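Residue numbers run from 1 in the order of the sequence given. Order of appearance sets the numbers: ligands from 1, and atoms from 1 within every ligand. These values consider heavy atoms only, across backbone and side chains, with no hydrogens, waters or symmetry-generated copies. Given the structure is predicted, the values throughout are model-derived calculations rather than measurements.
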Amino acid sequence: MHISALELHEATSYEDAAALLSRFSPDVRLLAGGTDVLVDLKNNANDVSHLVTLDHIEGIRGITEEGDGLRIGALTTITELNESPLIGGSYEIIRDAASQMATRQIRNTATIGGNIAGANPCADLPPVLIVLNAIAVVFSEQGPNEVPLHDLITGPRETILKQDELLAAIVVPRPPPRFGAAYARFGLRNGNSIAVATVAASLILDDDGAVHDVHVALGAVAPRPVKVDAANLWLEGRKLNGDSFDEVARAAMEVAQPISDVRGSAEYRRELVGVLTKRALMSAEKRAKE
Ligand SMILES: Cc1cc2nc3c(=O)[nH]c(=O)nc-3n(C[C@H](O)[C@H](O)[C@H](O)COP(=O)(O)OP(=O)(O)OC[C@H]3O[C@@H](n4cnc5c(N)ncnc54)[C@H](O)[C@@H]3O)c2cc1C
């Protein structure tokens with residue numbers, strides 16, 4: 001297997017990147033960390049003649065605190081997420097996921113933008129960003145546009161991004177006080193194993209101990225990350241007790257559409273969803289009380 005001849009274009013601005021994508025479409029792909037793209041090119045899957053790099057675009061890499069939250073540039077690596085002092089407190093759930101991904105070598109190169117835009121159903125960051133109500137900043141030749149992250153991914157390797165569009169950044173709104181969020185992941189071993197099932201959960205506790213604004217999102221168990229809407233319908237305004245999360249776990253198991261593959265059967269994955277949902281909600285509740 002070899003990579004056929006390619007022309008590399010170094011975009012110097014978001015506009016430039018969008019124009020290059022438009023000019024060479026459909027024979028072009030963006031190259032971020034390349035941990036997925038290079039594997040595809042070696043396998044001659046999604047073969048293209050042009051690659052557009054983003055490294056020379058000012059501000060596309062790094063994490064900044066802005067007004068009402070965090071702005072994470074699309075080219076920010078997984079290692080940078082893990083090591084940033086800004087990823088703590090209410091945002092700790094991002095590190096829950098980023099710290100469990102792949103190997104150090106992959107994490108040093110792989111980017112948040114590639115993890116989202118690659119739209120692999122078992123990608124770790126999308127469910128986490130969905131329960132944080134993250135917004136994707138999408139850039140086209142017409143300029144920037146904001147899309148709820150949940151609406152960006154439509155299926156395996158499918159997003160709403162058009163040929164001339166790229167992901168510029170993710171904006172994560174600052175959560176209110178007494179917010180907690182956590183991620184529960186099951187892989188076949190610790191380190192460098194793709195997730196078999198994942199659950200991200202977030203909630204807010206009020207002064208009386210009642211729970212509000214509950215979000216649960218599942219990964220690796222459906223063609224795209226799925227939200228469990230019943231979680232909030234069931235829990236909103238309730239005071240939590242030992243059984244509170246059982247119904248949500250059952251609802252999550254119903255929402256999941258797992259497949260059977262070498263990593264686990266559909267039945268096994270569905271059971272995992274129930275266990276991980278309770279685990280993520282319990283950790284989120286604990287963090288909300290800290
Ligand atoms: C050994 C190995 C282990 C892995 N383990 C994990 C794991 O545990 N968890 C996990 O989630 N993933 C894992 N991955 C998958 C991959 O590393 C991640 O999804 C990574 O975050 C992809 O980022 P990248 O920068 O390398 O993307 P690239 O490979 O550069 O790009 C991926 C896709 O996204 C597109 N793209 C990239 N950036 C943008 C942008 N800004 N706007 C629009 N489109 C864009 C590219 O054109 C391409 O289609 C693993 C991969 C390997 C090889």
Side-chain angles (χ1 to χ4, degrees), residues 3 6 8-9 11 13-14 16-18 20-22 24-43 45-48 50-57 59-61 72-82 94 96-129 136-140 144-145 147 149 152-153 156-170 183 185-198 200 219-220 225 263:
I3 297 180
L6 285 162
L8 200 63
H9 307 269
S13 64
Y14 297 111
D16 189 26
L20 284 163
L21 289 173
S22 175
F24 295 113
S25 162
D27 192 21
V28 60
R29 283 181 89 182
L30 283 172
L31 178 71
T35 58
D36 280 334
V37 169
L38 293 179
V39 175
D40 284 348
L41 291 174
K42 274 194 181 167
N43 294 333
N46 294 311
D47 216 354
V48 290
H50 301 271
L51 290 178
V52 174
T53 62
L54 306 170
D55 310 66
H56 296 281
I57 300 179
I60 198 170
R61 187 165 181 165
I72 308 176
L75 222 57
T76 304
T77 65
I78 308 306
T79 295
E80 285 166 331
L81 291 176
N82 278 322
I94 297 176
D96 288 350
S99 62
Q100 297 183 67
M101 285 171 63
T103 59
R104 175 168 277 277
Q105 289 92 333
I106 297 282
R107 291 195 295 268
N108 285 346
T109 315
T111 65
I112 185 171
N115 196 248
I116 296 164
N120 188 319
C122 28
D124 283 283
L125 292 173
V128 161
L129 295 166
V137 182
V138 172
F139 220 97
S140 73
N145 190 18
V147 184
L149 196 101
L152 194 90
I153 300 171
R157 292 173 162 254
E158 283 173 21
T159 67
I160 60 164
L161 294 176
K162 300 195 188 81
Q163 280 288 344
D164 72 332
E165 288 183 329
L166 66 142
L167 196 55
I170 306 301
Y183 184 60
R185 179 192 207 267
F186 184 84
L188 293 182
R189 59 172 188 254
N190 290 332
N192 206 19
S193 73
I194 289 173
V196 179
T198 67
R263 293 193 302 276

Could you check whether any side-chain heavy atom of Pro144 comes within less than 4.5 Å of a side-chain heavy atom of Val138, counting everything from C-beta outward? no
How far apart are the closest heavy atoms of Ala195 and Cys122, and which atoms are they? O-CB, 3.8 Å
Donor-acceptor under 3.5 Å (Asp27 side chain, Val48 main chain): no
At under 4.0 Å between heavy atoms, what of Arg107 touches ligand 1? The answer is neither
Within the distance-only criterion (no hydrogens, no angle test), does the side chain of Thr198 pair as donor or acceptor with the backbone N or O of Gly219 below 3.5 angstrom? yes
Flag, side chain of Arg104 to backbone of Arg107, donor-acceptor distance under 3.5 Å: no
Please write down residue, atom name and distance for the protein heavy atom closest to atom 34 (O) of ligand 1. Gly118 N, 3.5 Å
Using heavy-atom distances only, which candidate in Asn115, Val39, Leu54 approaches atom 11 (O) of ligand 1 most closely? Asn115
Which option, Val138, Asp40, Asp36, owns the non-hydrogen atom nearest atom 51 (C) of ligand 1? Asp36
Can you give me the closest heavy-atom contact between Glu80 and Leu75, atom names plus distance? OE1-O, 4.3 Å
Near Ala32, which atoms of ligand 1 are under 4.0 Å from a heavy atom of that residue? 25 (O), 30 (O), 37 (C), 38 (N)
Against heavy atoms of Thr111, which atoms of ligand 1 measure under 4.0 Å? 21 (O), 23 (O), 24 (P), 25 (O)
In short, Thr111 meets Ala74 closest at the heavy-atom pair CB-O, 3.5 Å
Any N or O of Leu125 that comes nearer than 3.5 Å to an N or O of ligand 1? no
Minimal heavy-atom distance between Ala17 and Ile57, with the atoms involved, is CB-CD1, 4.2 Å
Please determine whether a side-chain nitrogen of the Lys or Arg among Asp40 and Arg157 lies less than 4.0 Å from a carboxylate oxygen of the Asp or Glu. yes
Determine, using heavy atoms of Gln105 and all atoms of ligand 1, whether some pair is separated by less than 4.0 Å. no
Counting heavy atoms only, which part of Leu166 comes closer than 4.0 Å to ligand 1: side chain, backbone, both or neither? both
Heavy-atom closest pair (Arg61 atom, Thr76 atom, distance to 0.1 Å) is C-OG1, 3.8 Å
Could any protein non-hydrogen atom be found less than 4.0 Å from atom 13 (C) of ligand 1? no
Counting only heavy atoms closer than 4.0 Å, does ligand 1 sit against the backbone of Leu75, its side chain, both, or neither? neither
Is Asn120 in contact with ligand 1, taking contact as a heavy-atom separation below 4.0 Å? no
Ligand 1 N/O within reach of Arg29 N/O, cut-off under 3.5 Å: yes
Over all atoms of both residues, closest heavy-atom pair of Asn115 and Leu125: OD1-N, 3.1 Å
Counting both backbone and side chain atoms, is some N or O of Leu167 under 3.5 Å from an N or O of ligand 1? yes
Determine whether the side chain, the backbone, both or neither of Ala102 has a heavy atom under 4.0 Å from any heavy atom of ligand 1. both
Heteroatom distance test (Leu161, ligand 1): nitrogen or oxygen, under 3.5 angstrom: no
Measure from atom 28 (P) of ligand 1 to every heavy atom in Ala123, Gly34, Ala110, Ala195 and give the option owning the shortest one. Gly34
Among non-hydrogen protein atoms, atom 39 (C) of ligand 1 lies closest to Leu30 CD1, 3.9 Å
Starting from atom 9 (N) of ligand 1, which protein heavy atom do you reach first, and at what distance in Å? Asp124 OD2, 2.7 Å
Mind checking whether Glu165 has an N or O less than 3.5 Å away from an N or O of ligand 1? no
Ligand-side contact atoms (ligand 1) for residue partner Gly33, heavy atom cut-off under 4.0 Å: 24 (P), 25 (O), 26 (O), 30 (O)
Under 3.5 Å between any N/O of Val37 and any N/O of ligand 1: does that happen in this structure? yes
Among all the protein's non-hydrogen atoms, which is closest to atom 44 (N) of ligand 1, and how far away is it? Ala117 CB, 3.2 Å
Flag: protein heavy atom within less than 4.0 Å of atom 26 (O) of ligand 1: yes
For Asn192 and ligand 1, does the shortest N/O to N/O distance drop below 3.5 Å? no
Under 4.0 Å from a heavy atom of Ala74: which atoms of ligand 1 are those, numbered in the order shown and with their elements? 41 (N)
Check for a donor-acceptor pair, side chain of Asn43 on one end and backbone N or O of Val39 on the other, with a separation under 3.5 Å. yes
Would you mind reporting whether Arg185 and Ser193 have side-chain heavy atoms less than 4.5 Å apart? yes
Any heavy atom of Ile116 sitting closer than 4.0 Å to ligand 1? no
With sequence neighbours excluded, tell me which residues meet side chain to side chain contact (heavy atoms under 4.5 Å, CB included) with Ala200. Ile93, Pro127, Val128, Val131, Tyr183
Taking only heavy atoms of Ile106, which atoms of ligand 1 are found under 4.0 Å from at least one of them? 1 (C), 2 (C), 17 (O), 52 (C), 53 (C)
Take Leu51 and Leu41 through the side-chain contact (heavy atoms from CB on, under 4.5 Å) test and state the conclusion after the steps. CA-CA 11 Å; Leu51 290 178; Leu41 291 174; 4.0 Å; yes
For atom 16 (C) of ligand 1, what's the nearest protein heavy-atom neighbour? Residue, atom name and distance, please. Thr35 OG1, 3.3 Å
I'd like to check whether Arg185 has a polar contact with ligand 1, where a contact means an N/O of the residue lying under 3.5 Å from an N/O of the ligand. yes
Would you say the side-chain atoms of Thr159 pair up with the backbone N or O of Leu161, donor to acceptor, closer than 3.5 Å? yes
Is the closest side-chain heavy-atom distance between Val52 and Arg29 below 4.5 Å? no
